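To start, the structure itself, in structure tokens.
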Amino acid sequence: MEIPEEEFLAPGHRGCAGCGATVGVRLALKMLGKNTVAVSATGCLEVITTPYPETSWKIPWIHVAFENAAAVASGVERALKSQGKDDVNVVTFAGDGGTADIGLQALSGAMERGHNLIYICYDNEAYMNTGVQRSGATPYGASTTTSPHGKESFGEDKPKKNIPMIMAAHGVPYVATASISYPEDFMKKVKKAKEVDGPAYIHLHQPCTTGWGFDPSQTIELGRLAVETGSWILYEIEEGEFKITYRPMQRKPVNTYLESQKRFKHLKEEEKDRIQEYVDQVCAELKI
Amino acid sequence: MTSIGATVKEPGSSKHNKTGSWRTFKPILDKEKCIDCENCFLFCPEGCINKEYDIDYDYCKGCGICAEECPVKAIKMERE
């Protein structure tokens with residue numbers, strides 16, 4: 001796949017060294033091109049790319065509240081349509097908090113109404129911008145500031161909310177999961193999402209050096225470990241047809257993924273076993 | 001122009017903020033060893049490595065992803 005060199009996200013942004021979100025946005029924008037309008041919910045990405053009076057965006061971009069990114073994107077799409085501008089992509093970037101929790105109703109509405117837009121959730125599995133509070137997308141066992149480990153708690157006690165499947169249940173034409181560590185797979189999915197007439201949803205898994213607790217140089221390796229252990233699965237659902245897009249040759253033990261992050265360091269063997277069992281069960285269902 | 005809320009009129013203006021000053025370790029690429037795989041270009045969070053594999057030290061924060069992801073270890077991280 002020929003990957004365009006042109007960047008639509010300028011450097012100088014305030015993302016942490018080793019930020020995974022900006023890698024995801026850079027790659028997505030390469031596929032979408034300059035004829036794109038982006039909408040962002042509140043979150044890390046918004047804060048790091050637009051410290052007023054500066055912006056990293058080289059395309060039109062609008063920031064709205066946590067709750068309504070998908071609703072605003074719906075409005076932008078409809079306005080462009082009424083002006084006869086059918087060749088402009090409308091993309092939303094929102095974090096897992098802005099997607100799985102606070103923005104879910106607006107997203108559900110946009111999906112249900114069938115707007116021609118692309119919604120990309122960059123999922124770093126907690127509210128990183130405000131200091132690592134748990135979100136609906138925080139995985140079982142992870143220690144965050146609102147699900148801390150200690151005497152009374154072993155960390156997050158709920159499984160990760162399955163947003164891509166909730167989106168698929170809306171019957172939209174395209175839903176996919178992706179990882180920044182598999183750029184070609186992700187970019188192909190963005191291309192498909194762009195070509196689809198109607199709503200497309202991509203759930204992008206994206207390690208966070210600050211919130212997960214690992215060396216900044218390991219961002220891509222962590223994303224890869226998530227997929228290679230079966231903790232994160234790459235698939236797409238095109239017109240209702242489910243397809244795994246990447247199968248690990250041989251699944252690595254989940255522990256290799258868990259032990260390289262501070263947020264899972266406190267887990268006892270039995271908790272890790274429980275996570276392995278859960279991953280095995282999901283992988284068995286999907287024949288991975 | 002009437003604007004609602006705050007508007008920024010210069011696209012990509014964050015380039016005025018040179019984040020290279022954040023860096024402790026500097027990636028040095030040995031172009032002789034490079035096999036043109038594009039990993040460093042793809043995975044750079046700053047987008048400050050181009051397809052000729054020139055690293056823009058004005059913005060490189062020294063995260064070390066490029067060195068880590070280089071399959072032939074052509075990039076070394078050196079303390080500044």
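To find a chain, count down the sequence lines: A is the first, B the second, and so on, and within it residues start at 1. From a predicted model like this one, the values you see are computed outputs, not experimental measurements.
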Atom group of [X] that falls short of 4.5 Å from chain B, counting heavy atoms:
| X | result |
| --- | --- |
| A:Leu27 | side chain |
| A:Ile59 | neither |
| A:Ser181 | backbone |
| A:Glu5 | both |

Counting heavy-atom pairs under 4.5 Å to chain B, which of [options] comes out on top?
| options | result |
| --- | --- |
| A:Pro60, A:Ser56, A:Ala10 | A:Ser56 |
| A:Gly20, A:Pro51, A:Gly15 | A:Gly15 |
| A:Thr22, A:Ile220, A:Val23 | A:Ile220 |
| A:Ile3, A:Thr219, A:Leu9 | A:Ile3 |

### Query
For the candidates B:Pro45, B:Pro11, B:Gly47, which exhibits the highest count of non-hydrogen atom pairs separated by less than 4.5 Å from chain A?
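Ranked by heavy-atom pairs under 4.5 Å with chain A, first place is B:Pro45.
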How far apart are the closest heavy atoms of [X] and [Y], and which atoms are they?
| X | Y | result |
| --- | --- | --- |
| B:Phe41 | A:Arg26 | O-NH2, 2.8 Å |
| B:Trp22 | A:Cys16 | CZ3-CA, 4.4 Å |
| A:Pro11 | B:Glu46 | CB-O, 3.5 Å |
| B:Ala6 | A:Tyr52 | CB-CE1, 3.7 Å |
| A:Glu54 | B:His16 | OE2-CB, 4.4 Å |

If you round to the nearest 0.5 Å, how far is [atom2] of [Y] from [atom1] of [X]?
| X | Y | atom1 | atom2 | result |
| --- | --- | --- | --- | --- |
| A:Ser217 | B:Met77 | OG | CE | 8.0 Å |
| A:Glu7 | B:Asn50 | CD | CG | 9.5 Å |
| A:Ile180 | B:Leu42 | CD1 | CG | 11.5 Å |

### Query
Mind checking whether B:Asn17 and A:Arg14 have side chains closer than 4.5 Å, heavy atoms only?
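Yes. Closest side-chain heavy atoms under 4.5 Å.
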### Query
Would you say A:Thr50 and B:Val8 make side-chain contact, with heavy atoms under 4.5 Å?
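Answer no - side chains too far apart.
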[X] portion near chain A, given a 4.5 angstrom heavy-atom threshold:
| X | value |
| --- | --- |
| B:Phe25 | neither |
| B:Lys51 | both |
| B:Glu69 | side chain |
| B:Tyr59 | side chain |
| B:Cys60 | neither |

### Query
Should we say atom NZ of A:Lys265 is surrounded by more than 12 heavy atoms from elsewhere, each under 6.0 Å from it?
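Yes, NZ of A:Lys265 has more than 12 neighbouring heavy atoms, counting only those of other groups under 6.0 Å.
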### Query
Are any side-chain N or O atoms of B:Ser13 and backbone N or O atoms of A:Thr55, one a donor and one an acceptor, separated by less than 3.5 Å?
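Side chain of B:Ser13 to backbone of A:Thr55, a donor-acceptor pair under 3.5 Å: yes, one is there.
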